[in-house]
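Below: one structure, written as structure tokens.
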Amino acid sequence: MSPRPMARSGRFNAGLVTAVGVVLLAVSVVTAITFGPADLGVGQVWSVLASRLHLAGDPGLTTLQVAMVWQLRLPRVLLAAACGASLSICGVIMQSLLRNPLAEPYLLGVSSGASTGAVLVLVLGVGSALGLSGGAFVGALGAFAIMLALAGLAGGTTDKIVLAGVAVTQGFSALTSFIIMVGADANTTRGVLYWLMGSLASASWTDVAQTAAGFAVIMVLALGMAGSLDAFTFGERQAASLGVAVRRTRVTLLVLTALLTAVVVASSGAIGFVGLVLPHMARMLVGSRHRGVLPVSAVLGAIFLLWADTIARSAFAPLEVPVGVITAMVGVPVFAVLLSRRRGSR
């Protein structure tokens, strides 16, 4: 059987695809940390890693060069992978729960709420003790709580959740724009807009630990509920007939998705298209069963965002482009190709 029909029919083994993806991810991490504007060779970068991992002795580099690799490049690469994997599995969950191929993590209003929280801290100094990430996280949770309340008042059905998410997104986006317009000077506006388009420039080991931990917990929980996600793809009535507690499962998964998305946005800003495109690509490779789609989507998302950020920080040096710009530039044509292939396979 040729590879093309296999890809279309989703007959690749999910375990094999995941294993190959993990290997490619590991190679990508090791390779991506060698890219950067500093005059460091590949051998020097690897010697720093070997030394820090106690696999070799002193790399013979300056303290600044060691810090550049260990404190700047490696956390950024790992954070990109963690954020990409997180956004991708959130997209899988959202598209299943809402039965909407255009659903993505930011549909819940989390991103716009996080943006408002971050702008309040940066521009007005409100909650400055929380810091940028803390303000963004609180804003994200606040927006999600409002969305849940609106959806609940409207009946709590799938279409009401989508409409409430759109309303909250638009409302918080307008509030963010208003705060920037009345309170920010030119320099602050530039910094805020850069963050709003998605940036991993301020990555730290703390961000890596928080995002990776959030991803690991929610990935395990989502895999445990993979059967329920499979049932949701056939509709709420069918899911209920299969013994799924529809309302409780939906709220639980929405809360988990919102929490993980809030963690990601707090550390990286709003990075679009990862949670929209990669779940579709995973389904084309391994079919629609979520026990396979979730890990494959996570690996694909990690690799995609890792290389998108590598391009963002290296391709236009010394200028650094927000990674959200790169994901959109790549994501739009890729999504168009996926749509055309899906139509052609019917």
>> Taking V17 as the starting point, is it possible to reach V23 by hopping between hydrophobic residues whose side chains are less than 4.5 Å apart?
In response: no
>> Grouping I, L, V, M, F, W and Y whenever their side-chain heavy atoms are under 4.5 Å apart, do L107 and L254 come out in a common cluster?
In response: yes
> Does one hydrophobic cluster hold both M197 and F316, with members joined at side-chain heavy-atom distances below 4.5 Å?
Replying inline: yes
> How many angstroms lie between OG in S96 and CG in L253, if you round to the nearest 0.5 Å?
Replying inline: 8.0 Å
> How long is the gap from NE2 on H280 to OG on S88, to the nearest 0.5 Å?
Replying inline: 10.5 Å
> Looking only at side chains, do E236 and T158 share a donor and an acceptor under 3.5 Å apart?
Replying inline: yes
>> Between S112 (side chain only) and G109 (backbone N and O only), is there a donor and an acceptor less than 3.5 Å apart?
In response: yes
> Between W307 and T31, is any pair of side-chain heavy atoms under 4.5 Å apart?
Replying inline: yes
>> With heavy-atom distances below 4.5 Å as the criterion, would you say the side chains of Y106 and V265 are in contact?
In response: yes
> Is a side-chain N or O of D230 found less than 3.5 angstrom from the main chain of H290, in a donor-acceptor match?
Replying inline: yes
> Any donor-acceptor pair under 3.5 Å linking the side chain of S267 with the backbone of V264?
Replying inline: yes
> Is S133 reaching over with its side chain to a backbone N or O of A266, donor-acceptor style, under 3.5 angstrom?
Replying inline: yes
> In Å, rounded to the nearest 0.5 Å, how long is the span from OG1 of T157 to CZ of R250?
Replying inline: 7.0 Å
>> A side-chain contact here means heavy atoms from C-beta on lying under 4.5 Å apart; do F304 and L300 qualify?
In response: no
>> Can you tell me how far apart CG (L306) and CG (L200) are? Round to the nearest 0.5 Å.
In response: 9.5 Å
> Do the ring planes of W205 and W70 sit parallel (below 30°), tilted (30 to 60°) or perpendicular (above 60°)?
Replying inline: tilted
> Can you tell me if S51 uses its side chain to pair, donor with acceptor, with the backbone of S47 under 3.5 Å?
Replying inline: no
>> Between R76 and A203 (side chain of the first, backbone of the second, donor and acceptor by atom type, cut-off under 3.5 Å), is there such a pair?
In response: no
> Where do L285 and F12 come nearest, in terms of heavy atoms and distance?
Replying inline: O-CB, 3.2 Å
>> Do I311 and V332 land in one hydrophobic cluster if side-chain heavy atoms of ILVMFWY residues count as linked below 4.5 Å?
In response: yes
> F144 versus V255: any side-chain heavy-atom pair under 4.5 Å?
Replying inline: yes
> So which heavy atom on P295 is nearest to which on L223, and how close?
Replying inline: CD-CD2, 4.1 Å
>> Under the criterion side chain to side chain contact (heavy atoms under 4.5 Å, CB included), I'd like the reasoning laid out for L259 against L141: C-alpha separation, chi angles, the key distance, then a yes or no.
In response: CA-CA 7 Å; L259 287 173; L141 295 186; 3.6 Å; yes
>> Contact between I180 and L196 at the side-chain level, heavy atoms closer than 4.5 Å - yes or no?
In response: yes
>> Applying side chain to side chain contact (heavy atoms under 4.5 Å, CB included) to L305 and T327, what does each step give before you reach the verdict?
In response: CA-CA 7 Å; L305 189 55; T327 58; 3.8 Å; yes
>> Can you confirm whether the side chains of T116 and T176 place a donor and an acceptor under 3.5 Å from each other?
In response: yes
>> I'd like to know if L153 and I146 are part of one continuous hydrophobic network [Ile/Leu/Val/Met/Phe/Trp/Tyr, side-chain heavy atoms within less than 4.5 Å].
In response: no
>> Could you report the tightest heavy-atom contact between P279 and V274, atom names first, then the distance?
In response: CD-O, 3.7 Å
> Is L108 close to T261 at the side-chain level, that is, under 4.5 Å between some pair of heavy atoms?
Replying inline: no
> Do L260 and I89 have side-chain heavy atoms sitting under 4.5 Å apart?
Replying inline: yes
> Which value, rounded to the nearest 0.5 Å, describes the distance between R283 atom CZ and Q95 atom CD?
Replying inline: 4.5 Å
> Of the non-hydrogen atoms in G135 and L130, which two are nearest, and what is the gap between them?
Replying inline: N-CB, 3.9 Å
> For the residue pair P105 and G91, what are the closest heavy atoms and their distance?
Replying inline: CG-N, 3.8 Å
> Once you round to the nearest 0.5 Å, how far does OG1 of T206 lie from CG of L79?
Replying inline: 11.0 Å
>> Applying side chain to side chain contact (heavy atoms under 4.5 Å, CB included) to V263 and F215, what does each step give before you reach the verdict?
In response: CA-CA 9 Å; V263 171; F215 163 76; over 6 Å; no
> Looking at L98 and A103, what are the two nearest heavy atoms and their distance?
Replying inline: CD1-CB, 4.2 Å
>> I'd like to know whether T252 forms a side chain to side chain contact (heavy atoms under 4.5 Å, CB included) with L221, so could you lay out the CA-CA distance, the side-chain angles of the two residues, the decisive distance to 0.1 Å, and finally the verdict.
In response: CA-CA 10 Å; T252 299; L221 294 175; over 6 Å; no
>> When you compare the side chain of V299 with that of V22, does any pair of heavy atoms fall below 4.5 Å?
In response: yes
